[in-house]
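Read through the structure below, which is laid out as structure tokens, and then see the notes.
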There are 2 protein chains.
Amino acid sequence: MQRAAALLLPDNISDSVAADLRRRIVDGRLPAGERINEVHLSRELGVSRTPLREALSRLASEGALTSLPRFGFFVRPLTLDELEQIYDIRPILDPEALRLAGLPDAKTLERLEKLNRRLESARDPENVIGLDDEFHLLLLDRCPNRVLIEMIQNIILRTRRYELALMRETSGVRRATEDHRRILAALRRRDLPAACAALKRNMQWGRAPIVSWLKARVRRAHLPGEAKARARSGR
Amino acid sequence: MQRAAALLLPDNISDSVAADLRRRIVDGRLPAGERINEVHLSRELGVSRTPLREALSRLASEGALTSLPRFGFFVRPLTLDELEQIYDIRPILDPEALRLAGLPDAKTLERLEKLNRRLESARDPENVIGLDDEFHLLLLDRCPNRVLIEMIQNIILRTRRYELALMRETSGVRRATEDHRRILAALRRRDLPAACAALKRNMQWGRAPIVSWLKARVRRAHLPGEAKARARSGR
DNA sequence: CCCCATGCTACTGTATACAGTATGCAGAGA
DNA sequence: TCTCTGCATACTGTATACAGTAGCATGGGG
């Protein structure tokens, strides 16, 4: 999250464990609501508890986990509240970042269009999400405010879990590429405000399908992963 | 940052050490650029290295520290770049949060005015900054998007160091209370958009004095500690 | 006199051992 | 049969010990 240098030398077990856990959380190998047993998990990962705990602490401060003092760490459950809050944030951040980034050069525009074409034909959920994120990060690549970009990346991490869960069940509600085309069209005619507006709409629309899916899910299985109750009852 | 429960039971040494370090960083007892010696610091705090390291990891992911893999943790140096980036973010976040929060009730408005009066007469830098933060957080108290509020609190933590450093040297450039009055006036006539606009201006103006102070400082003594960290990371 | 190599020192990263606490179960009493 | 109490167990939180590495100083060679 912080340093370019460290990312180039992922020497630490701590760091690589954190990255691994992040993957396990977003792809569901560590299900939402699950209580984490440090001994078992450290055995499974082949490391000791010390670096594992450092990783867990970091993930907790990133919001991926919840820590209950003498009880342990939990994978944060997927809740409608958090979803709506997270999805309300990117329409705020992304357009501002684009405004600061300014119009992309011809080469970048070309790469964006290429990405969008690949996105249109992508089928695998992980691919779709990965390409979409790549598109948006490239769009904001020139933004000089790296702190802002870090925040956006952080939000992306937090949304990925929801998006993956959605796309696993319903097969790929894809309207994003159309939004992207509108953004690109605005950029091509060098109309930054229009591009920002289109981007904002794009970010706002991403919410709807996930909200409705999660609502249905909540109705079906009441309170997905109410952490405490489940864990205490021994699951 | 995440859990209400943990905040009520700050049982962990880890947590309290993190809080302590945060204070030491913002008030300068751990100066910007300083390399942290884990053994000495753990002795000084009267704890072992394990919880200290957990705290350090968390602070690194919050952006207060930088971690260089086999070299250690550093207090992030104060740089003009980071300052400008951080200060560009709150004018984006705060007005949106206020928009979501809506108009405050009469009681809250009263408390806001009281806070602002106390702010006018405050002299001690820590007090001034504390009251200003309290004002802004109360203003956004009704905002239902807690993730957004968390982000703002995080930004506040990151700015505090700069503000304190400024106010220690120049005695309290105070124009904020006037901005606050404009915000309150707009709220009193129940004009939310005007309040948001005033809030935005308030957030934008805070930058200027710090930027000019830091620029002068950079000219004088080029960034204590920055040299070493930079050289090492090969930037 | 300067440069390079080698050994020393100190610090980080990781593992492990220990202590304290919460939970679940079993047994006894009502 | 139900409840309460005490014990055993398992897991977290913390300390400590160990290993590996980077930096530094000192000494020898050019």
Side-chain angles (χ1 to χ4, degrees), chain A residues 2-3 5-21 30 33-61 65-75 226-235, chain B residues 2-3 5-21 30 33-61 65-75 225 227-235:
Chain A
Q2 67 285 21
R3 55 273 136 98
L7 294 178
L8 297 178
L9 338 163
D11 228 350
N12 291 13
I13 292 189
S14 227
D15 286 347
S16 55
V17 164
D20 190 0
L21 290 182
L30 284 176
E34 176 127 323
R35 177 178 173 184
I36 286 174
N37 183 314
E38 297 175 6
V39 175
H40 297 167
L41 187 53
S42 69
R43 290 242 173 90
E44 190 178 330
L45 297 174
V47 301
S48 78
R49 281 179 56 217
T50 310
L52 172 61
R53 279 180 59 85
E54 289 187 3
L56 291 172
S57 284
R58 290 233 298 277
L59 291 182
S61 74
L65 299 178
T66 301
S67 154
L68 270 65
R70 303 230 152 227
F71 196 63
F73 291 90
F74 293 85
V75 181
E226 243 300 317
K228 213 159 168 182
R230 234 205 220 166
R232 295 230 159 137
S233 69
R235 287 203 51 184
Chain B
Q2 66 286 20
R3 54 275 135 100
L7 294 178
L8 296 178
L9 339 163
D11 227 349
N12 292 12
I13 292 189
S14 227
D15 285 349
S16 56
V17 164
D20 189 0
L21 291 182
L30 283 176
E34 176 130 322
R35 177 179 172 182
I36 286 174
N37 183 317
E38 296 176 7
V39 175
H40 297 166
L41 188 53
S42 69
R43 289 240 172 91
E44 191 178 331
L45 297 174
V47 301
S48 77
R49 281 178 56 216
T50 311
L52 172 61
R53 278 181 60 84
E54 289 187 4
L56 292 172
S57 284
R58 291 233 298 277
L59 292 182
S61 75
L65 299 177
T66 301
S67 155
L68 270 66
R70 303 230 151 225
F71 198 61
F73 291 89
F74 292 84
V75 181
K228 206 164 172 187
R230 237 206 220 153
R232 188 107 207 328
S233 68
R235 291 187 40 177

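Quick caveat: nothing in here was measured; it's all calculated off a predicted structure. Order of the sequence lines sets the chain letters (A, B, ...), proteins ahead of strands, with each chain counted from 1.
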field: Atom pair distance, as rounded to whole Å: CD1 in A/I36 and C1' in D/dC11
entry: 14 Å
- request: Return the nearest nucleotide to the side chain of A/I13; candidates are D/dT12, C/dA15, D/dA22.
  value: C/dA15
task: Kindly indicate whether the side chain of B/S61, heavy atoms from C-beta on, has any atom under 4.5 Å from the side chain of A/S61.
output: yes
field: Expected output: side-chain A/N37 to main-chain A/H40 donor-acceptor under 3.5 Å
entry: yes
query: If a stem is a run of at least 3 consecutive Watson-Crick or G-U pairs, both distances under 3.5 Å, which stems include DNA chain D?
result: C:1-30 with D:1-30
Between D/dA10 (P) and A/R35 (CZ): distance, integer Å: 13 Å
message: Whole angstroms only, please: what is the CZ-P distance between B/R70 and D/dA19?
response: 15 Å
Smallest separation among heavy atoms of A/L30 and A/V75, with atom names: O-CG1, 3.9 Å
- request: Calculate the interatomic distance between A/R43 atom CZ and D/dA10 atom C1'; express it in whole Å.
  value: 12 Å
field: Separation between OG of A/S57 and CG of B/L59, rounded to the nearest 0.5 Å
entry: 11.0 Å
- line: OG (B/S48) and CD1 (B/I13) are apart, to the nearest 0.5 Å, by 7.0 Å
task: Please list residues of residues 45-56 of chain B whose heavy atoms come under 4.0 Å from any atom in DNA chain D, ordered by number; otherwise none.
output: B/V47, B/S48, B/R49, B/T50, B/P51
statement: B/E54 meets the salt bridge (Lys or Arg N to Asp or Glu O under 4.0 Å) criterion, sequence neighbours left out, with A/R53
statement: Whole-Å distance, A/N12 CG to D/dA19 P, equals 20 Å
task: Check every strand shown and say whether A/L41 touches a base, only sugar-phosphate, or nothing at a heavy-atom separation below 4.0 Å.
output: nothing
- request: Specify the separation, in whole Å, of atom CG of B/L68 and atom P of D/dA22.
  value: 13 Å
- prompt: Can you name the nearest heavy-atom pair linking B/E38 to B/L52, along with the distance?
  reply: O-CD2, 3.3 Å
task: Working to the nearest 0.5 Å, report the span between CG of A/L21 and CZ of A/F73.
output: 10.5 Å
message: Expressed as a whole number of angstroms, how long is the span from B/N37:CG to D/dG23:P?
response: 15 Å
query: Are any side-chain N or O atoms of B/R35 and backbone N or O atoms of B/F71, one a donor and one an acceptor, separated by less than 3.5 Å?
result: yes
